[in-house]
Enquirer: 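This structure is in structure tokens; I'll ask about it shortly.
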Amino acid sequence: MTLGSKTGSRAKAALAWSCAGAAAAAAAVLLLPLPLAITVACAIAAAELAAIGALLAAAIRRARNIGVRRDLERTAAGAAETGTDALADDLAEERRQFHEKWAARLHHGFSTSALEPLLASARNRENPADYRLQALETLDEWFQKEEQAHRARTDRTVDILIVSHFGLPGGNTSANVADIAALTRAGLRIGLLHHPVYRWDVSMPVNPKIAELIDGEHVVLVDAHDTVHCDLTIIRLPTVMGRLMDDLPRIRTGRTVLVVNQVPFTYYDADGGRRPQWDPSAVHETVQGWLGDHTWYLIGPEVRRTLERHHHEALDGIDIADEYWYEIIEAEEWRRPERRPGDGPIRIGRHTRDAPLKWPETPEKLTACYPVSPEFAVHSLGGMETPRELLGALPGNWIDHPFGSIPAREFLHDLDLFVYFVAEDCVEAFGRSPLEAMAAGVPCIMDRRFEALFGEAAIYCTPGEVAGIARGLLHEPGAYEAQAERASKKIEADFSPDALVRRVIRLGVSSPRTQGD
């Protein structure tokens, strides 16, 4: 029997005994004469405290013995983040939330910061016994898992390691799925390191779209105890580097890049940014301290413009590539076999998450981009709450399809045109949904700010020009087909899987042909 299993058995026995002791003390108070009941209850309480003390000692001893590679003394900063003052309040809900937060961080990569608050909860004799036992059970479970993971550690050799938050539901996951599929089809082996964002819900699991790609051979999920050898490490989503995980594999990489696929603030107005998402200087220092010299690849021109305009001082000393790291799409998987029959109103649409910045900010702009007229039918896949609030009610020619009710590909195939305008204060780092429309063969009419990104793949105009351009595309002979063809050529040149493969080979990844020679 191993040290872990022996200690685990003793821990469980102590827990069971302590719970039984609590029940026995309650029975004694009810059934025995008062003086005797008090004596028995005190004896049981003393034994229960001894059991808790033994379990606490076992947990601390195991932390030392299994070599979890963490110095508990370094957790003082993590404890100071919240302290244990919150535990002074005897409210059960407050204690529950405190425990759940730190237990999640313990089990999902931030153990150094989580150990001390949980140990402090267990040591604090003012806490109820069941709460202290809960903290000890959490620690005991984690220590045992750490022993198992440490024994199962392995050396992994992959071509590319992708570091990202693989649990998100939106564009970041879609981009990761597209990249992984493209790179594995090219014969490359991919490692995935799931890195939660510390200030978010760290227990969010890997998105099913990512999980179904992990086969253990072409795509492998990297554990914190592993050692990884790779030609290239790609960190996608700078927010994940706001705070580096405590539990990380050893990485031996030829080159590291950070894909900057969002701007540092949620939106910008005349006075600067609002609602910070990440700090350029801090993120650079984090990546530099972890993996050394690296290069930033911006996802598009709008990100470059925003960084240079609002964050130019923070960019000193950062290596930023001239080339963009565009998102990619497999056009063949999206392209519809034929154009929708042109019967009835002109069917324009869009799909996006619901957020005020994702729509034009005034009723006048909104209804100019998406006309209130029987000549048009406006379809949206999700995101209609914002225009509903802005207009008071949706116009009669607008059709609201709940998010997820129709696959995006099917939704796009049933449109004539895709119209995409956002608020003036919105900085759209890329624009995944219009790219999907272009791939499907649906011409796009867009805000002029997207022209630097998509070029001739779309038509750009003011809100008041949308209706006229839509009529021209539908009614002028050949106009519709010509625009769809221009978009197709642009996708192949800049946004195709082949474009991504060419890029990673330029960054030092051995091509499949080279590997086979």
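For reference, positions follow the sequence shown, starting with 1. Only a predicted model underlies this, so the values are computations on that prediction, with no experimental measurement involved.
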Enquirer: Which residues satisfy the ring-ring contact (aromatic ring centres under 6.0 Å, His included) test with Tyr480, sequence neighbours excluded?
Expert: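 Residues passing ring-ring contact (aromatic ring centres under 6.0 Å, His included) with Tyr480: none at all.
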
Enquirer: Salt-bridge test for Lys489 and Glu456: reply yes if a basic N is under 4.0 Å from a carboxylate O, no otherwise.
Expert: no

Enquirer: Assess the side chains of Asp246 and Ser111: does a donor N or O sit below 3.5 Å from an acceptor N or O?
Expert: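 Ser111 and Asp246 do not have a side-chain donor-acceptor pair below 3.5 Å.
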
Enquirer: Will you find, in the side chains of Gln97 and Glu93, an N or O donor that is under 3.5 Å from an N or O acceptor?
Expert: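 Their side chains do contain a donor-acceptor pair, which is all the 3.5 Å distance test asks for.
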
Enquirer: Which heavy atom of Val263 sits nearest a heavy atom of Gln277, and at what distance?
Expert: O-NE2, 2.9 Å

Enquirer: Between the side chains of Arg503 and Tyr326, does any donor sit under 3.5 Å from an acceptor?
Expert: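 Checked: Arg503/Tyr326 side chains show no N/O donor-acceptor pair below 3.5 Å.
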
Enquirer: Give the minimum heavy-atom separation between Leu366 and Pro387, together with the two atoms involved.
Expert: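 Minimum heavy-atom contact is CD2-CB, 3.7 Å.
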
Enquirer: Using a 4.5 Å cut-off on heavy atoms from C-beta on, say whether the side chain of Asp159 contacts that of Leu232.
Expert: no

Enquirer: Would you confirm whether Arg189, through its side chain, and Thr157, through its main-chain N or O, come within 3.5 Å as a donor-acceptor pair?
Expert: yes

Enquirer: Is there side-chain contact between His107 and Lys145, with heavy atoms separated by less than 4.5 Å?
Expert: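 His107 reaches Lys145 side chain to side chain.
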
Enquirer: To check you understand the geometry: which heavy-atom pair defines the closest contact between Arg309 and His312, and what is its length?
Expert: O-ND1, 4.1 Å

Enquirer: Counting C-beta onward and ignoring hydrogens, is there a side-chain heavy-atom pair between Ile160 and Asp231 closer than 4.5 Å?
Expert: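 No, every pair of side-chain atoms sits at 4.5 Å or beyond.
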
Enquirer: Does His194 use its side chain to pair, donor to acceptor, with the backbone of Phe166 at less than 3.5 Å?
Expert: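 It does hold such a pair.
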
Enquirer: Thinking salt bridges, do Asp223 and Arg153 make one under a 4.0 Å N-O criterion?
Expert: no

Enquirer: So, does Thr367 use its side chain to make a donor-acceptor pair with the main chain of Val372 at under 3.5 Å?
Expert: no

Enquirer: Could you tell me whether a side-chain N or O of Arg449 sits under 3.5 Å from a main-chain N or O of Glu302, the two making a donor and an acceptor?
Expert: no

Enquirer: Assign the ring pair His311 / Phe265 to parallel, tilted or perpendicular, where the plane angle (0 to 90°) is split at 30° and 60°.
Expert: parallel

Enquirer: Is the backbone N or O of Asp319 less than 3.5 Å from a side-chain atom of Thr295, with the two atoms forming a donor-acceptor pair by type?
Expert: no

Enquirer: Treating Asp416 as the side-chain partner and Ile348 as the backbone partner, does any N or O pair qualify as donor plus acceptor under 3.5 Å?
Expert: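 Between the backbone of Ile348 and the side chain of Asp416 there is no qualifying donor-acceptor contact (under 3.5 Å).
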
Enquirer: What are the two closest non-hydrogen atoms of Ala457 and Ala487, and how far apart are they?
Expert: O-CB, 3.5 Å

Enquirer: In terms of relative ring orientation, are Trp398 and Tyr370 parallel, tilted or perpendicular, with 30° and 60° separating the classes?
Expert: perpendicular

Enquirer: Has Trp290 got a side-chain atom pairing as donor or acceptor with Glu285's backbone, closer than 3.5 angstrom?
Expert: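 No, because the side chain of Trp290 does not come within donor-acceptor range (under 3.5 Å) of the backbone of Glu285.
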
Enquirer: Which residues pass the ring-ring contact (aromatic ring centres under 6.0 Å, His included) test with His401, sequence neighbours left out?
Expert: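 With neighbours one apart ignored, the set is His379, Phe411.
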
